[in-house]
Amino acid sequence: MQKVQRVSFSEMLIRLLKNISHHNKMIYFYFLIYTVATSIYPFFSIVLPKFLINELSLGSMARIDKLFSVILGYFILTSVFGFIKAFVHDLTYPKITKLRIDYIRDIFDKIVSMDYKYVEDAQFLEDNSRAMEATSSNNNGVEGIYHKLFETPAIFITISALAIFIGLLDIWILLGLILNIIITVWINNKVNKYRYEMKGKIAHAERRKRYYYKTTHDFGYGKDIRIYNLKKRIIDNYNREINNFVLLYKKIKNKEYILGFIGLATLLISNGLTYGILVYKGINGMNIADFSMYIAAITSLSVLMKSFADNISYILDESQYVKDFYGFMDWNLGEKGGSRRPIEGDTLEIEFKNVSFKYPNTDKYIFKDLNFKINKGERLAIVGVNGAGKSTLVKLMTGLFDVTEGEILINNVPINEFSKKALYSMFSVVFQDINIMAFTIGENVACSSDNLDKNRIMAALEKVGLGNKIRNLSKGLDQMMLKIIEEDGLEFSGGENQKLAIARALYKDGNMVIMDEPTAALDALAEAEIYENFSELVSGKTAVYISHRLASTKFCDNIALFDKDGIKEYGNHDELIAKKGAYYEMFTIQGKYYNQGGIEIEQYQEA
C-alpha cells in the first residue's frame with residue numbers, strides 16, 4: 001500500500017498561515033499587540049531596579065519622591081503591559097482552538113469518505129494515527145504549533161535586544177549562552193527524531209492498550225466478564241500492554257537522559273563564564289546597580305533562550321505530525337471514485353465478470369474468477385457456510401471494496417465509473433452489524449436531521465412492525481435513542497434494532513435492496529412476518545437476501561449457494577431440492593428444527 005506523501009516544513013507553515021487568513025485575519029492583529037507588549041515587558045524588571053538601587057546607594061541623600069516614582073512607575077508599567085499580554089493571549093487562545101476544530105471537521109469528512117478498505121486495515125490506522133491525531137488536543141499538533149508561533153516571535157525580539165545589550169558588556173557571556181542553547185536545541189531535536197522513529201511501535205502499543213481500556217470501561221462486556229470470570233485475564237493483559245507502552249517511553253527517556261549530560265556540561269560552561277566575568281568586573285569597578293542590572297538581564301536572557309529553544313524544538317517535533325496530517329489530507333484515498341451520477345428511476349442489474357478478490361495486505365483470495373448475474377427485479381437469496389464470502393459480496397457490489405481482478409457491471413456500466421457517493425446512494429442495505437446512533441428515532445430511520453418526512457418514517461416503521469411501539473411513546477419519533485446523550489434515551493432489544501435497521505433501508509428507497517442476515521436477532525414469529533412481507537418491502541426492486549436460515553430462501557426467485565470455492569449451486573428452491581446436492585442437505589438438516597420445514601422435507605422425500 002502506498003504511503004502518505006509528507007509536505008515540507010515551509011509548505012506546512014504557509015498552509016497554517018493561509019488557514020488563519022481564510023478563517024480569522026484578526027488573529028494577526030492580536031499577534032501584533034501581544035508581540036509588542038511581551039517584547040517590552042521583561043525590560044521593566046531589568047532596568048527600573050537599577051534606578052532604585054542607584055538612589056538607595058545614596059543613603060541619607062536619597063530622595064523619597066524619586067524612590068516612590070520609580071516604584072510606582074515599575075508597578076504601573078508591569079501591570080499595564082502584563083495585563084495587555086495576558087488579556088490578548090487569553091482572547092486569542094479560543095480563536096486558535098477554533099482553527100483546530102475546523103480541521104477536525106475536515107479530517108472527519110476525510111475519514112468517513114475514504115475508501116472503506118482503509119477502515120478495516122489496522123496497519124493503515126497505525127501508520128497514520130499520529131496524522132489523524134494532529135488535531136486531537138490543544139497542546140499538540142496543529143493547535144500546539146499555532147500557540148508556539150503566536151508566542152515565539154516576542155521571545156525572539158526580546159532575546160535579540162538582550163543579546164546586543166549583554167554582548168556590548170562582554171561577548172564571551174553571550175557566546176556561552178548561545179552555545180548552551182544550540183546544544184539544548186540539538187539534544188531536543190535528536191530526542192524528537194528518535195520519538196518520531198518510534199511512532200509506529202507507539203501507535204501499535206497504544207492501540208492494544210486502548211482495546212483493554214475500552215473493554216474495562218464498556219458496560220456491554222459486564223455480563224461476560226462476570227459470568228466467565230474474565231476479570232483477572234483482562235486486567236493481566238491490560239497491565240502487560242501498559243508495561244509495554246511504558247517501556248517504549250522509557251527508551252525515549254533513557255536517550256534523553258544520556259544526551260542530557262552534554263547539555264549539563266554546556267550549562268556549567270555558560271554559567272561559569274557568566275558569573276565569573278561579572279564577578280571579575282564587579283571587583284574591577286562595576287557598581288552594584290549595574291551589576292544587579294546585568295545579573296537580571298543575563299538571567300532573563302538565559303530563561304528566554306531556554307524557552308525559545310524549547311519552543312523551536314516543540315515546533316520541529318510537532319511539525320513532523322502536522323506535515324503528516326497535511327499529507328494525509330492531500331492523499332487520494334479513493335473517496336471520490338468516478339464521475340458518473342447515480343442511476344435514477346430504475347432498479348439495478350449487477351454482473352460479476354471474472355471477479356477475483358482478496359483483502360488488502362493478505363494473500364488469500366476470497367473469490368477467484370467469479371461469474372454471475374443478478375437480473376433486474378430479481379430476488380436472489382445468497383446462502384452458504386461461514387467464511388464463504390457472502391458479506392464480502394455486499395461490500396464489492398456496493399463499492400465499499402474494489403475488486404482485485406475482473407470487473408463488476410451495474411446496468412452494463414463498470415462500477416468504477418460511478419462516484420462513490422452515487423454508488424452508496426443507489427443501495428438500501430441492512431448489514432449484519434446494526435449500528436444505532438444516539439439520535440432520535442426519526443433521525444435514526446431517515447439518517448438525517450433536516451426535512452424529515454414523518455409520514456414516510458412511520459410508514460417504514462409500520463412495515464417492520466414497530467408502528468405501535470413508537471405511537472405509544474410520549475415523544476414518538478422525537479424520542480432519543482441510547483442513554484449516551486440523554487439519560488432517558490431508549491434502548492431497543494436486539495430484534496427491535498434489526499427492525500429499525502430494516503426501516504432505515506426502506507426509508508432510503510434505494511434502487512436496490514440488500515439484506516445481510518436481517519432477521520438473525522428476531523424471534524420466529526417476527527421473522528415469519530418479515531418473510532411474508534418481503535415482496536412488499538422490496539417493492540419490485542432487485543433484492544439480495546443473505547441468510548444462514550434456508551427457510552428464508554423460498555420467497556426468493558433464485559438461490560446462490562456459496563462455498564469456499566465460489567458458487568457451488570444456483571437455481572430456485574424446487575430445482576435445488578430436486579438436485580439433492582449441498583443445498584438439499586443443508587435444508588434437510590435445518591428442517592429438522594422447524595416443524596413446517598420438516599413436513600415439507602418429508603413431502604419432497606416422498607416425491
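What you see is a predicted model; the values in this text were computed from it and never measured.
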Spatial distance of atom [atom1] ([X]) from atom [atom2] ([Y]) [nearest 0.5 Å]:
X	Y	atom1	atom2	value
I315	L149	CD1	CG	4.5 Å
E11	L16	CD	CG	10.5 Å
I242	L247	CD1	CG	12.0 Å
N311	H147	CG	NE2	12.0 Å
I27	F29	CD1	CZ	13.0 Å

Min side-chain heavy-atom separation [X]-[Y] under 4.5 Å:
X	Y	value
K110	M329	yes
E151	Y34	yes
K483	E491	yes
Y424	P342	no
F156	S39	no
V142	L99	no
T440	L477	no
Y41	L77	no

N/O donor-acceptor pair under 3.5 Å between K508 side chain and F427 backbone: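 Here the side-chain-to-backbone pair exists.
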Flag, side chain of R504 to backbone of N444, donor-acceptor distance under 3.5 Å: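 Judged by distance alone, yes, a pair lies under 3.5 Å.
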task: Given ring-ring contact (aromatic ring centres under 6.0 Å, His included), test Y30 with H89 step by step and report yes or no.
output: CA-CA 8 Å; Y30 299 138; H89 183 274; over 10 Å; no
field: Test side-chain hydrogen bond (donor to acceptor under 3.5 Å, both in side chains) applied to N19 and H22, R15, H23, the passing residue
entry: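 Single pass found, and it is H23.
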task: Using the six-membered ring wherever Trp is involved, compare the ring planes of F83 and F87 and label them parallel, tilted or perpendicular (cut-offs 30° and 60°).
output: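 Rings of F83 and F87: parallel, as their planes differ by under 30°.
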If you take all heavy atoms of [X] and [Y], which pair is closest and at what distance?
X	Y	answer
Y103	T135	CB-CG2, 3.6 Å
G327	V7	N-CG1, 4.2 Å
T152	K148	OG1-O, 2.5 Å
Y28	L17	OH-O, 2.8 Å
D488	Q479	O-NE2, 3.0 Å
A501	I434	CB-CD1, 3.6 Å

Does [X] have more than 12 heavy atoms from other residues, nucleotides or ligands lying within 6.0 Å of its [atom1]?
X	atom1	answer
F75	CZ	no
K190	NZ	no
F108	CZ	no

field: Residues D236, K232; criterion salt bridge (charged side-chain N to carboxylate O under 4.0 Å, His left out); working and verdict
entry: CA-CA 6 Å; D236 287 345; K232 185 177 185 303; 2.8 Å; yes
task: Evaluate the side chain to side chain contact (heavy atoms under 4.5 Å, CB included) criterion for residues K475 and I441: first the C-alpha distance (whole Å), next the side-chain angles of each, then the deciding distance (0.1 Å), finally the verdict.
output: CA-CA 10 Å; K475 296 181 181 178; I441 294 174; over 6 Å; no
Worked verdict on N243 versus R240 for side chain to side chain donor-acceptor pair (under 3.5 Å): CA-CA 5 Å; N243 289 333; R240 184 176 66 249; over 6 Å; no
field: Residue pair Y146, F150: steps toward the ring-ring contact (aromatic ring centres under 6.0 Å, His included) verdict
entry: CA-CA 6 Å; Y146 269 133; F150 187 82; over 10 Å; no
message: The test is side chain to side chain contact (heavy atoms under 4.5 Å, CB included); show your working for S45 and Y74 and say whether it passes.
response: CA-CA 8 Å; S45 299; Y74 173 79; 3.4 Å; yes
message: Determine whether F44 and F81 satisfy the following criterion, ring-ring contact (aromatic ring centres under 6.0 Å, His included), listing intermediate values before the conclusion.
response: CA-CA 10 Å; F44 300 133; F81 279 83; 5.2 Å; yes
message: Among T158, I157, V88, exactly one meets side-chain contact (heavy atoms from CB on, under 4.5 Å) together with T35. Which residue is that?
response: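 Exactly one pass, corresponding to I157.
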field: Residue from I33, I40, T38 passing side-chain contact (heavy atoms from CB on, under 4.5 Å) with I84
entry: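 Among I33, I40, T38, the one meeting side-chain contact (heavy atoms from CB on, under 4.5 Å) with I84 is I33.
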message: For I14, give me all partners under side-chain contact (heavy atoms from CB on, under 4.5 Å), at least two apart in sequence or on another chain.
response: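 Applying side-chain contact (heavy atoms from CB on, under 4.5 Å) to I14 gives K18.
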- request: Check side-chain contact (heavy atoms from CB on, under 4.5 Å) between S313 and all other residues, then give those that pass, not counting sequence neighbours.
  value: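 S313: side-chain contact (heavy atoms from CB on, under 4.5 Å) contacts with V185, N188, N192.
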field: Close aromatic pair by centroid cut-off 6.0 Å: F325 and Y321
entry: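 Here the rings of Y321 and F325 have centres that are no less than 6.0 Å from each other.
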message: Quick test of your reading: applying salt bridge (Lys or Arg N to Asp or Glu O under 4.0 Å), list the pairs with at least one residue in residues 89-99, sequence neighbours left out, ordered by first then second residue.
response: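 Non-adjacent pairs meeting salt bridge (Lys or Arg N to Asp or Glu O under 4.0 Å): K98-D102.
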Identify every side-chain donor-acceptor pair in residues 292-301 under 3.5 Å, counting partners at least two apart or on other chains, and give the distances.
| from | atom 1 | to | atom 2 | distance (Å) |
| --- | --- | --- | --- | --- |
| S292 | OG | I288 | O | 3.3 |
| S292 | OG | A289 | O | 2.8 |
| T299 | OG1 | I295 | O | 2.7 |
| S300 | OG | A296 | O | 2.9 |

query: Which is it for F9 and L316 under the side chain to side chain contact (heavy atoms under 4.5 Å, CB included) test, yes or no, and what are the steps along the way?
result: CA-CA 9 Å; F9 182 81; L316 292 175; 4.2 Å; yes
Verdict with reasoning, S307 to D310, per side chain to side chain donor-acceptor pair (under 3.5 Å): CA-CA 5 Å; S307 297; D310 289 343; 5.7 Å; no
- request: Decide salt bridge (charged side-chain N to carboxylate O under 4.0 Å, His left out) for K420 and D402; before the verdict, give the C-alpha distance in whole Å, the side-chain angles of both, and the deciding distance to 0.1 Å.
  value: CA-CA 11 Å; K420 291 292 184 181; D402 296 327; 3.4 Å; yes
task: Would you sort out whether M480 and L490 count as a side chain to side chain contact (heavy atoms under 4.5 Å, CB included), showing the intermediate values?
output: CA-CA 6 Å; M480 180 65 74; L490 182 63; over 6 Å; no
field: NZ or CZ of K209 within 45° of F245 ring axis and under 6.0 Å
entry: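 Pair K209/F245 counts as cation-pi.
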- request: Could you pull out all residues at least two apart from R340 that satisfy salt bridge (charged side-chain N to carboxylate O under 4.0 Å, His left out)?
  value: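 Scan of R340 (salt bridge (charged side-chain N to carboxylate O under 4.0 Å, His left out), adjacent residues dropped) gives E417.
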- request: List in chain and number order the residues that pass side chain to side chain donor-acceptor pair (under 3.5 Å) with N138, two or more places apart in sequence or in another chain; answer none if no residue qualifies.
  value: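 N138: side chain to side chain donor-acceptor pair (under 3.5 Å) contacts with T97, E143.
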